[in-house]
Chemist: 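My questions will all concern the structure given below.
Note that these values count all heavy atoms, side chains included, but never hydrogens, waters or copies made by symmetry.
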Amino acid sequence: MTQEELLTKAETLYNIGEYSQIISLIQSLPEEQQTYNLLYLLALSYSYNLEGNDDDNQHHALKILKKIADQGECDLKWLYLIGKIYFTINKEEYAIEYFDKIARIFKKDKEFTELINMQYFIDSCKEYLYERALAVIFITLKEASKDDKISISNIKDNNIEVFFPKYDIKLQIEINHLHRSGATLFFKIMYPDNYYQTYHIDGDANTYENGIADAINKFVCIINKDFMEHCK
(Lines give C-alpha, C1' and ligand atoms only; values in the text may rest on other atoms or scores of the structure.)
Protein backbone atom coordinates (compact mmCIF):
# COMPACT_ATOMS: atom_id res chain seq x y z
CA MET A 1 0.00 0.00 0.00
CA THR A 2 1.41 3.40 -1.00
CA GLN A 3 1.69 6.36 1.41
CA GLU A 4 -1.19 8.06 -0.38
CA GLU A 5 -3.36 4.95 -0.05
CA LEU A 6 -2.47 4.58 3.64
CA LEU A 7 -3.40 8.18 4.33
CA THR A 8 -6.67 7.87 2.38
CA LYS A 9 -7.60 4.72 4.30
CA ALA A 10 -6.78 6.34 7.65
CA GLU A 11 -8.80 9.46 6.79
CA THR A 12 -11.76 7.32 5.71
CA LEU A 13 -11.65 5.44 9.02
CA TYR A 14 -11.43 8.73 10.89
CA ASN A 15 -14.48 10.12 9.09
CA ILE A 16 -16.59 7.19 10.31
CA GLY A 17 -15.18 7.30 13.85
CA GLU A 18 -13.15 4.10 13.74
CA TYR A 19 -10.37 5.45 15.93
CA SER A 20 -9.18 2.08 17.26
CA GLN A 21 -8.71 0.78 13.72
CA ILE A 22 -6.62 3.83 12.82
CA ILE A 23 -4.45 3.25 15.89
CA SER A 24 -3.93 -0.41 14.96
CA LEU A 25 -3.24 0.43 11.30
CA ILE A 26 -0.63 3.13 11.88
CA GLN A 27 1.11 1.45 14.79
CA SER A 28 1.55 -1.70 12.71
CA LEU A 29 3.59 0.22 10.12
CA PRO A 30 7.39 0.32 10.12
CA GLU A 31 8.69 3.56 11.59
CA GLU A 32 9.94 4.79 8.22
CA GLN A 33 6.38 4.65 6.86
CA GLN A 34 4.91 6.64 9.74
CA THR A 35 4.80 10.04 8.08
CA TYR A 36 3.88 13.34 9.70
CA ASN A 37 0.28 13.22 8.42
CA LEU A 38 -0.20 9.63 9.59
CA LEU A 39 1.26 10.36 13.03
CA TYR A 40 -0.95 13.41 13.35
CA LEU A 41 -3.99 11.23 12.57
CA LEU A 42 -2.71 8.70 15.12
CA ALA A 43 -2.55 11.40 17.80
CA LEU A 44 -5.96 12.71 16.79
CA SER A 45 -7.43 9.20 17.01
CA TYR A 46 -5.98 8.65 20.47
CA SER A 47 -7.46 11.94 21.62
CA TYR A 48 -10.96 10.84 20.51
CA ASN A 49 -10.64 7.15 21.33
CA LEU A 50 -13.31 5.99 23.78
CA GLU A 51 -11.68 2.64 24.43
CA GLY A 52 -9.37 2.27 27.40
CA ASN A 53 -8.44 4.95 29.92
CA ASP A 54 -9.07 8.47 28.63
CA ASP A 55 -6.14 9.97 30.55
CA ASP A 56 -3.80 7.36 29.07
CA ASN A 57 -5.16 8.05 25.58
CA GLN A 58 -4.57 11.79 25.93
CA HIS A 59 -1.00 11.23 27.12
CA HIS A 60 -0.37 8.83 24.21
CA ALA A 61 -1.61 11.53 21.84
CA LEU A 62 0.62 14.12 23.51
CA LYS A 63 3.68 11.90 23.20
CA ILE A 64 3.07 11.45 19.47
CA LEU A 65 2.54 15.18 18.90
CA LYS A 66 5.80 15.98 20.67
CA LYS A 67 7.55 13.49 18.38
CA ILE A 68 6.51 15.52 15.32
CA ALA A 69 6.86 18.94 16.97
CA ASP A 70 9.52 20.20 14.53
CA GLN A 71 6.99 20.06 11.69
CA GLY A 72 3.95 20.70 13.85
CA GLU A 73 5.04 24.08 15.21
CA CYS A 74 4.16 25.59 11.82
CA ASP A 75 0.94 23.62 11.38
CA LEU A 76 -2.33 25.09 12.59
CA LYS A 77 -4.03 21.75 13.19
CA TRP A 78 -1.07 20.50 15.26
CA LEU A 79 -1.06 23.68 17.37
CA TYR A 80 -4.78 23.38 17.99
CA LEU A 81 -4.70 19.68 18.87
CA ILE A 82 -1.78 19.89 21.30
CA GLY A 83 -3.35 22.93 22.96
CA LYS A 84 -6.70 21.17 23.26
CA ILE A 85 -5.09 18.06 24.78
CA TYR A 86 -3.18 20.10 27.36
CA PHE A 87 -6.47 21.84 28.16
CA THR A 88 -8.22 18.47 28.54
CA ILE A 89 -5.63 17.16 31.02
CA ASN A 90 -5.79 20.39 33.06
CA LYS A 91 -2.42 21.77 31.97
CA GLU A 92 -3.79 25.19 31.09
CA GLU A 93 -0.39 26.84 31.50
CA TYR A 94 0.83 24.81 28.50
CA ALA A 95 -2.41 24.99 26.52
CA ILE A 96 -2.61 28.78 26.54
CA GLU A 97 0.78 29.10 24.82
CA TYR A 98 -0.50 27.22 21.76
CA PHE A 99 -3.89 28.96 21.70
CA ASP A 100 -2.20 32.36 21.97
CA LYS A 101 0.08 31.45 19.08
CA ILE A 102 -2.90 30.55 16.90
CA ALA A 103 -4.66 33.78 17.88
CA ARG A 104 -1.57 35.83 16.97
CA ILE A 105 -1.21 34.13 13.60
CA PHE A 106 -4.89 34.52 12.72
CA LYS A 107 -5.69 37.75 14.59
CA LYS A 108 -7.04 39.34 11.40
CA ASP A 109 -9.12 36.31 10.44
CA LYS A 110 -12.15 36.70 12.72
CA GLU A 111 -14.16 34.10 10.82
CA PHE A 112 -11.49 31.47 11.40
CA THR A 113 -10.92 32.21 15.10
CA GLU A 114 -14.67 32.15 15.72
CA LEU A 115 -14.95 28.85 13.85
CA ILE A 116 -12.58 27.05 16.20
CA ASN A 117 -13.79 29.05 19.23
CA MET A 118 -10.26 30.13 20.06
CA GLN A 119 -11.26 32.93 22.44
CA TYR A 120 -13.26 30.44 24.53
CA PHE A 121 -10.17 28.32 25.10
CA ILE A 122 -7.94 31.33 25.86
CA ASP A 123 -10.46 32.81 28.32
CA SER A 124 -11.04 29.41 29.96
CA CYS A 125 -7.30 28.85 30.37
CA LYS A 126 -6.89 32.25 31.99
CA GLU A 127 -9.84 31.67 34.31
CA TYR A 128 -8.45 28.35 35.56
CA LEU A 129 -4.91 29.75 35.88
CA TYR A 130 -6.14 32.73 37.90
CA GLU A 131 -8.02 30.38 40.23
CA ARG A 132 -4.94 28.21 40.70
CA ALA A 133 -2.77 31.27 41.30
CA LEU A 134 -5.24 32.64 43.83
CA ALA A 135 -5.02 29.50 45.96
CA VAL A 136 -1.21 29.63 45.97
CA ILE A 137 -1.15 33.37 46.75
CA PHE A 138 -3.48 33.01 49.73
CA ILE A 139 -1.62 30.06 51.28
CA THR A 140 1.85 31.50 50.68
CA LEU A 141 1.02 34.95 52.06
CA LYS A 142 -0.75 33.48 55.07
CA GLU A 143 2.30 31.39 55.95
CA ALA A 144 4.78 34.21 55.27
CA SER A 145 2.88 36.88 57.22
CA LYS A 146 1.95 34.61 60.14
CA ASP A 147 -1.41 36.38 60.07
CA ASP A 148 -4.25 33.86 60.30
CA LYS A 149 -6.89 36.53 59.71
CA ILE A 150 -5.79 37.75 56.28
CA SER A 151 -8.65 38.13 53.84
CA ILE A 152 -8.94 38.30 50.08
CA SER A 153 -11.55 40.50 48.43
CA ASN A 154 -12.36 42.40 45.24
CA ILE A 155 -11.47 39.40 43.13
CA LYS A 156 -11.89 40.35 39.47
CA ASP A 157 -10.23 38.47 36.65
CA ASN A 158 -6.50 38.84 37.29
CA ASN A 159 -6.80 41.37 40.16
CA ILE A 160 -7.17 40.65 43.87
CA GLU A 161 -6.90 42.62 47.09
CA VAL A 162 -5.45 41.21 50.32
CA PHE A 163 -5.87 42.74 53.77
CA PHE A 164 -3.54 42.00 56.69
CA PRO A 165 -5.35 43.06 59.90
CA LYS A 166 -2.27 42.27 62.00
CA TYR A 167 -0.37 45.08 60.24
CA ASP A 168 -3.32 47.13 58.91
CA ILE A 169 -1.89 46.81 55.40
CA LYS A 170 -3.66 46.41 52.07
CA LEU A 171 -2.03 44.65 49.16
CA GLN A 172 -3.26 44.72 45.56
CA ILE A 173 -1.97 41.99 43.27
CA GLU A 174 -2.34 41.79 39.50
CA ILE A 175 -1.44 38.56 37.69
CA ASN A 176 0.17 39.16 34.28
CA HIS A 177 2.19 37.38 31.59
CA LEU A 178 1.03 33.85 32.35
CA HIS A 179 3.45 31.11 31.32
CA ARG A 180 4.02 27.44 32.05
CA SER A 181 6.54 28.12 34.82
CA GLY A 182 4.76 30.97 36.58
CA ALA A 183 3.69 34.56 35.90
CA THR A 184 4.66 38.18 36.45
CA LEU A 185 2.91 39.65 39.48
CA PHE A 186 2.33 43.36 40.05
CA PHE A 187 2.15 44.32 43.72
CA LYS A 188 0.89 47.56 45.26
CA ILE A 189 1.21 47.69 49.03
CA MET A 190 -0.62 50.42 50.94
CA TYR A 191 0.27 51.41 54.50
CA PRO A 192 -2.10 52.97 57.05
CA ASP A 193 -0.56 56.42 56.47
CA ASN A 194 -1.47 56.19 52.73
CA TYR A 195 2.14 55.62 51.74
CA TYR A 196 2.40 52.97 49.03
CA GLN A 197 5.02 51.05 47.06
CA THR A 198 4.79 49.05 43.82
CA TYR A 199 6.76 46.09 42.52
CA HIS A 200 6.84 43.94 39.38
CA ILE A 201 8.17 40.47 40.14
CA ASP A 202 8.53 37.51 37.81
CA GLY A 203 8.00 34.05 39.24
CA ASP A 204 9.75 31.16 37.57
CA ALA A 205 10.01 27.53 38.70
CA ASN A 206 9.52 23.94 37.57
CA THR A 207 5.70 24.18 37.69
CA TYR A 208 3.12 26.93 37.34
CA GLU A 209 2.10 26.84 41.02
CA ASN A 210 5.72 26.85 42.19
CA GLY A 211 6.37 29.80 39.88
CA ILE A 212 3.54 31.78 41.51
CA ALA A 213 4.91 30.88 44.95
CA ASP A 214 8.38 31.95 43.77
CA ALA A 215 7.08 35.44 42.88
CA ILE A 216 5.29 35.73 46.24
CA ASN A 217 8.36 34.62 48.19
CA LYS A 218 10.57 37.11 46.29
CA PHE A 219 8.05 39.83 47.16
CA VAL A 220 8.04 38.82 50.85
CA CYS A 221 11.86 39.02 50.98
CA ILE A 222 11.79 42.52 49.49
CA ILE A 223 8.89 43.82 51.54
CA ASN A 224 10.27 42.60 54.85
CA LYS A 225 13.15 45.02 54.45
CA ASP A 226 11.02 47.86 53.04
CA PHE A 227 8.38 47.37 55.75
CA MET A 228 10.96 47.68 58.51
CA GLU A 229 12.43 50.79 56.88
CA HIS A 230 9.05 52.45 56.51
CA CYS A 231 7.94 51.66 60.08
CA LYS A 232 11.07 53.10 61.75
Chemist: Less than 4.5 Å apart, any side-chain heavy atom of L44 and any of S47?
Modeler: yes
Chemist: When you compare the side chain of Y130 with that of L178, does any pair of heavy atoms fall below 4.5 Å?
Modeler: yes
Chemist: Which heavy atom of I169 sits nearest to which heavy atom of F163, and what is that distance?
Modeler: O-CD1, 3.4 Å
Chemist: Heavy-atom distance under 4.5 Å between the side chains of E18 and Y14, does that happen here?
Modeler: no
Chemist: For P165 and I150, work out which heavy atoms get closest and say how close.
Modeler: CD-CA, 4.0 Å
Chemist: Drop me the distance from F99's CZ to I82's CD1, to the nearest 0.5 angstrom.
Modeler: 10.5 Å
Chemist: A quick test of your reading: do over 12 heavy atoms of other residues, nucleotides or ligands sit less than 6.0 Å from CD of E31?
Modeler: no
Chemist: So with a 6.0 Å cut-off around NZ of K9, is the heavy-atom count from everything else above 12?
Modeler: no
Chemist: Taking 4.0 angstrom as the limit, do R104 and D100 come out as a salt bridge?
Modeler: no
Chemist: Please report the closest heavy-atom contact between I26 and Q34, naming both atoms and the distance.
Modeler: O-NE2, 3.1 Å
Chemist: Take F186 and Y199, measure what ring-ring contact (aromatic ring centres under 6.0 Å, His included) needs, and give me the verdict at the end.
Modeler: CA-CA 6 Å; F186 169 76; Y199 310 85; 9.0 Å; no
Chemist: Going by heavy atoms in the side chains, are K188 and L171 under 4.5 Å from each other?
Modeler: no
Chemist: If you draw a 6.0 Å radius around OH in Y36, do more than 12 non-hydrogen atoms from other residues or ligands fall strictly inside?
Modeler: yes
Chemist: Decide yes or no for T184 and I201: does some side-chain heavy atom of the first lie under 4.5 Å from some side-chain heavy atom of the second?
Modeler: no
Chemist: A quick test of your reading: do over 12 heavy atoms of other residues, nucleotides or ligands sit less than 6.0 Å from CG of D70?
Modeler: no
Chemist: Answer yes if Y196 and Y191 sit in the same cluster of Ile, Leu, Val, Met, Phe, Trp and Tyr residues linked by side chain heavy atoms under 4.5 Å apart, and no otherwise.
Modeler: no
Chemist: Taking 4.0 angstrom as the limit, do E92 and R132 come out as a salt bridge?
Modeler: yes
Chemist: Would you say H179 and D202 make side-chain contact, with heavy atoms under 4.5 Å?
Modeler: yes
Chemist: How long is the gap from CD1 on I137 to CD1 on I173, to the nearest 0.5 Å?
Modeler: 4.5 Å
Chemist: Hey, does the side chain of N210 reach the backbone of N206 with a donor-acceptor pair shorter than 3.5 angstrom?
Modeler: no
Chemist: Quick one: pull up CD1 in I216 and CG in L141 and give me the separation to the nearest 0.5 Å.
Modeler: 4.5 Å
Chemist: Just how far is it from atom CG of L39 to atom OG of S45, taken to the nearest 0.5 Å?
Modeler: 11.0 Å
Chemist: If I compare all heavy atoms of A10 with all of L41, which pair ends up nearest, and what's the gap?
Modeler: CB-CD1, 3.7 Å
Chemist: Give the minimum heavy-atom separation between N49 and N57, together with the two atoms involved.
Modeler: O-ND2, 3.2 Å
Chemist: Looking at F87 versus F121, is the centre-to-centre ring distance below 6.0 Å?
Modeler: yes
Chemist: Verify the distance criterion only: is there a donor paired with an acceptor across the side chains of S20 and E51 at less than 3.5 Å?
Modeler: yes
Chemist: Might you work through the side chain to side chain contact (heavy atoms under 4.5 Å, CB included) test for T140 and F138, ending with a clear yes or no?
Modeler: CA-CA 6 Å; T140 308; F138 181 79; over 6 Å; no
Chemist: Can K170 be said to sit on top of F164's aromatic six-ring, NZ or CZ under 6.0 Å from centre and within 45° of the ring axis?
Modeler: no
Chemist: OH/Y19 to OG/S24 distance, rounded to the nearest 0.5 angstrom?
Modeler: 15.0 Å
Chemist: Is the count of non-hydrogen atoms from other residues, nucleotides or ligands lying under 6.0 Å from Q27 atom CD greater than 12?
Modeler: yes
Chemist: Check the pair E73 / L79 against side chain to side chain contact (heavy atoms under 4.5 Å, CB included), numbers first and verdict last.
Modeler: CA-CA 6 Å; E73 288 286 355; L79 290 168; 4.1 Å; yes
Chemist: Might you work through the side chain to side chain contact (heavy atoms under 4.5 Å, CB included) test for Y46 and I64, ending with a clear yes or no?
Modeler: CA-CA 10 Å; Y46 264 118; I64 295 161; 3.6 Å; yes
Chemist: Are I89 and L62 packed together at the side-chain level, in the sense that at least one heavy-atom pair is separated by less than 4.5 angstrom?
Modeler: yes
Chemist: Quick check on the 6.0 Å ring-centre criterion: do Y98 and Y80 meet it?
Modeler: no
Chemist: Has K91 got its NZ or CZ under 6.0 Å from the middle of the six-membered ring of Y86, at an angle within 45 degrees of the ring axis?
Modeler: no
Chemist: Where the side chain of E11 meets the backbone of T8, is there a donor-acceptor pair that is under 3.5 Å apart?
Modeler: no
Chemist: Measuring from atom CD1 of I96 to atom NZ of K101, what distance do you get when rounded to the nearest 0.5 angstrom?
Modeler: 15.0 Å
Chemist: If you apply the rule side-chain hydrogen bond (donor to acceptor under 3.5 Å, both in side chains), what do you find for D75 with Q71, and how did you get there?
Modeler: CA-CA 7 Å; D75 182 4; Q71 293 168 274; over 6 Å; no
Chemist: Decide whether F219 and M190 are clustered together by the hydrophobic rule: side chain heavy atoms of Ile, Leu, Val, Met, Phe, Trp, Tyr closer than 4.5 Å, transitively.
Modeler: no
Chemist: How close do Y48 and K84 get, counting heavy atoms only, and between which atoms?
Modeler: OH-NZ, 4.3 Å
Chemist: For residues Y195 and Y167: do they belong to one hydrophobic cluster (side chain heavy atoms under 4.5 Å, members Ile, Leu, Val, Met, Phe, Trp, Tyr)?
Modeler: yes
Chemist: Considering only heavy atoms from C-beta outward, does the side chain of K126 approach that of N158 to under 4.5 Å?
Modeler: no
Chemist: Among side-chain atoms of N15 and T12, is any donor-acceptor pair under 3.5 angstrom?
Modeler: no
Chemist: Answer with yes or no whether the side chains of N176 and E174 bring together a donor and an acceptor at under 3.5 Å.
Modeler: yes
Chemist: Does the pair L65 and W78 meet the rule for a side chain to side chain contact (heavy atoms under 4.5 Å, CB included), with working shown?
Modeler: CA-CA 7 Å; L65 290 172; W78 182 92; 3.4 Å; yes
